[in-house]
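Chain naming here is simple, since letters A, B, ... match the order of the sequence lines and numbering starts at 1 in each.
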Amino acid sequence: MRWSDSFIPTLREAPAEADAASHRLLVRAGFIRQLHSGHYSLLPLGLRVHAKVADIVRSEMDAIGAQEFLLPAMHPADLWRRSGRWDLVGAEMFRLQDRNDADVVLGMTHEEVFAFLAAEMSSYRELPQIWYQIQTKFRDEPRPRSGLLRVREFMMKDSYSFDLDEAGLDAAFDAHWEAYLRIFERLDLNVMAVQASSGAMGGDASVEFMVASPVGEDDVARCTACGYRANTERARAEVPPIDDPPSLDAPERFPTPGVRTIDELAEFPGGAPADRQIKTMVMVLDGELSLAILRGDHQLNTQKLTDSSGAAEIRPATPEETMAQLGANPGSLGAVGVSGIPIFADEALRGRRAMTTGANDDDWHLRGVDVERDIADLRWMDLREVAAGEPCIECGEPLEIVRCIEAGHIFKLGRRYSEAMGVSVLDADGQARTPIMGSYGIGVGRAMAAVAETHHDDKGLCWPVSIAPFDAVVAILDPSDEAQARTGEALYRELCDRGVECICDDRPLRPGVKLADTELVGIPFRVTVGARSLAQGNVELTERATGDTTLLAVEQAAAETAAQVAAQRS
RNA sequence: CGGGAAGUGGCGCAGCCUGGUAGCGCACCUGCUUUGGGAGCAGGGGGUCGUGGGUUCAAAUCCCGCCUUCCCGACCA
């Protein structure tokens with residue numbers, strides 16, 4: 001391909017709204033353009049990279065025996081009603097009506113459709129199956145952001161396993177885990193496999209593949225000593241015990257005029273340090289007002305509350321709701337004496353005595369509260385979010401918190417969808433059995449953005465050969481010079497013949513512009529054909545990642561370049 | 001949904017406070033010169049100033065509504 005014939009609109013400056021490095025550079029280098037918020041066009045260079053990422057995913061999926069499908073992006077609402085997700089999902093799903101006023105949806109994932117197809121199986125002999133597709137998903141995200149990292153329309157590889165029993169599911173799960181590690185290795189993405197929340201769809205094992213990056217949207221707790229790694233939606237830490245003083249026989253009310261926060265109560269004469277207070281969060285779980293109580297200096301992780309309560313929808317209560325049910329405003333709330341309202345208690349409060357908490361009366365608090373004695377019907381669970389430096393739950397060494405991009409997610413789904421879609425096979429004993437499913441996803445565009453995010457410098461992108469839009473560029477510095485043009489063309493043809501994906505920069509531009517462009521676009525190897533070296537019968541081979549340049553005799557240049565490209569293929 | 005910022009040519013921005021009919025850099029087109037790190041000179045093309053309404057002799061500029069985009073948070077199979 002010739003650069004002069006290509007549509008590669010590079011920009012000297014990034015659009016003002018682009019903030020993340022991948023966003024800025026993918027736009028500047030002419031890979032993507034925004035159509036509107038959360039929807040991007042892939043330009044020719046962008047599509048080349050996207051397709052290579054997809055091909056790597058495809059080849060590793062095929063290698064574990066998965067079969068590729070292509071399912072509709074638009075689904076009948078009925079299918080989603082059968083699984084219960086029509087009501088469960090809410091505003092995140094694009095919904096529309098066809099000309100007959102029938103409800104249809106744009107698929108945000110494909111459990112329903114694959115399970116619908118799986119209903120055609122009738123014998124255990126047909127299992128196991130792993131099915132996948134690389135398809136556009138639609139999600140009406142509340143806040144698309146950071147270019148390709150979070151969008152409303154995107155390609156995802158989603159696969160689903162069907163097995164007769166848990167042992168089969170375990171095998172499919174492990175096969176995916178291994179395949180994912182190979183995929184990210186080939187993408188040159190440094191991923192951490194971390195324990196994760198399964199979200200509202202349930203399931204037990206759930207592992208996310210995370211790429212550390214400040215523009216990510218998830219926090220991972222990581223122990224550098226023992227390798228414990230978990231999303232903070234699920235991470236746990238050791239909580240050192242606190243010596244409580246002897247308690248009172250019963251809680252005691254005391255006035256706290258103007259005190260509204262944990263910190264203020266800690267400063268207040270007669271108050272208590274934060275770790276000796278009970279924090280009371282008022283939440284609405286599936287429409288029901290509930291309390292979540294934690295140690296004063298601990299933060300509630302709402303995903304943990306969602307997961308352990310089983311609620312589908314969760315939100316903070318409004319001050320009005322709180323006043324109506326508890327009779328006080330935030331700042332003076334407590335769980336003592338509360339009845340008829342579910343109370344979720346964080347494990348760190350177990351056994352605590354002589355605590356201080358709100359009295360459900362503005363400007364009053366209680367001291368001398370024994371958690372288990374004074375608060376009725378506690379539901380104990382892990383609710384607190386771990387903080388950096390806390391001792392690892394496995395080995396006690398300090399945890400660190402790392403911001404990450406979620407590049408992949410695998411989890412064991414269970415039988416929810418197979419049951420809903422009536423998937424049933426007869427086992428060897430002639431008994432009807434519902435296959436168990438697993439669900440596994442990788443966002444193609446997000447993976448591409450994650451690579452861009454981790455492979456760039458101040459000059460531009462820096463693709464690994466495995467997914468670079470081209471392996472090499474032949475830069476003819478002055479195409480009007482016949483010797484340069486002839487040599488460049490010949491090298492370009494020979495590189496193509498040798499199987500190197502090559503673009504020939506034959507544009508009649510100043511050398512500086514062309515060199516800067518090849519660096520911005522991030523092509524791994526550049527063969528520079530210019531008067532200076534050519535006078536000695538040489539060209540230059542420059543590796544983008546290192547900037548290392550070597551002089552090569554014209555006759556050997558193509559072979560040497562092809563060899564270096566081949567050495568970095570994966 | 002809460003908080004913040006911003007919409008002026010393809011991109012980056014100025015002009016707005018103090019109203020007078022739109023400007024700069026880059027990019028683009030033509031010509032000449034130039035050719036190893038984003039060239040020089042000369043000439044040229046391109047903008048409903050997000051949108052609707054209001055005030056005014058006159059609105060990019062002042063007032064009101066709406067739309068859109070970005071950032072932080074909430075949310076996120």
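Across all strands shown, A:Thr10 has no heavy atoms under 4.0 Å from either base or sugar-phosphate atoms.
Here the shortest heavy-atom pairing between A:Cys504 and A:Ile476 reads SG-CD1, 3.8 Å.
Note on A:Ser37: every side-chain N or O is 4.0 Å or more away from OP1 and OP2 of B:rU68.
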Q. Taking protein heavy atoms under 4.0 Å as touching, what does nucleotides 40-50 of chain B look like 5' to 3' if B marks base contact, S marks sugar-phosphate-only contact and - marks none?
A. -----------
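Side chain of A:His36, nearest nucleotide from B:rA74, B:rC76, B:rU69: B:rU69. For A:Glu519, the side-chain atoms get nearest to B:rG37 when compared with the rest of B:rC72, B:rC76, B:rG37.
Between the P atoms of B:rG4 and B:rU30, the separation comes to 50 Å (whole Å). Atom P of B:rG36 sits at a distance of 33 Å from the matching atom of B:rG45, rounded to the whole Å.
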Taking N or O atoms only and anything under 3.5 Å, show me the protein contacts with nucleotides 34-36 of chain B, one pair per line.
from: B:rU34; atom 1: O2; to: A:Arg510; atom 2: NH1; distance (Å): 2.8
from: B:rG36; atom 1: O2'; to: A:Arg532; atom 2: NH1; distance (Å): 2.8
from: B:rG36; atom 1: O6; to: A:Gly530; atom 2: N; distance (Å): 3.3
from: B:rG36; atom 1: O6; to: A:Gly530; atom 2: O; distance (Å): 3.1
from: B:rG36; atom 1: O6; to: A:Ser533; atom 2: N; distance (Å): 3.3
from: B:rG36; atom 1: O6; to: A:Glu540; atom 2: OE2; distance (Å): 3.4
from: B:rG36; atom 1: N1; to: A:Glu540; atom 2: OE1; distance (Å): 3.1
from: B:rG36; atom 1: N1; to: A:Glu540; atom 2: OE2; distance (Å): 2.6
from: B:rG36; atom 1: N2; to: A:Glu540; atom 2: OE1; distance (Å): 2.4
from: B:rG36; atom 1: N2; to: A:Glu540; atom 2: OE2; distance (Å): 3.4
from: B:rG36; atom 1: N3; to: A:Arg532; atom 2: NH2; distance (Å): 3.4

Write down the protein N/O and nucleotide N/O pairs, taken from nucleotides 10-13 of chain B, whose separation is under 3.5 Å; answer none if there are no such pairs.
from: B:rC11; atom 1: O2'; to: A:Glu13; atom 2: O; distance (Å): 3.1
from: B:rG12; atom 1: OP1; to: A:Ala16; atom 2: N; distance (Å): 2.6
from: B:rG12; atom 1: O2'; to: A:Glu13; atom 2: OE2; distance (Å): 3.0

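Under the Watson-Crick or G-U wobble criterion, with both distances below 3.5 Å, B:rC24 is paired with B:rG12. Across all strands shown, B:rG2 forms a Watson-Crick or G-U wobble pair, both distances under 3.5 Å, with B:rC72.
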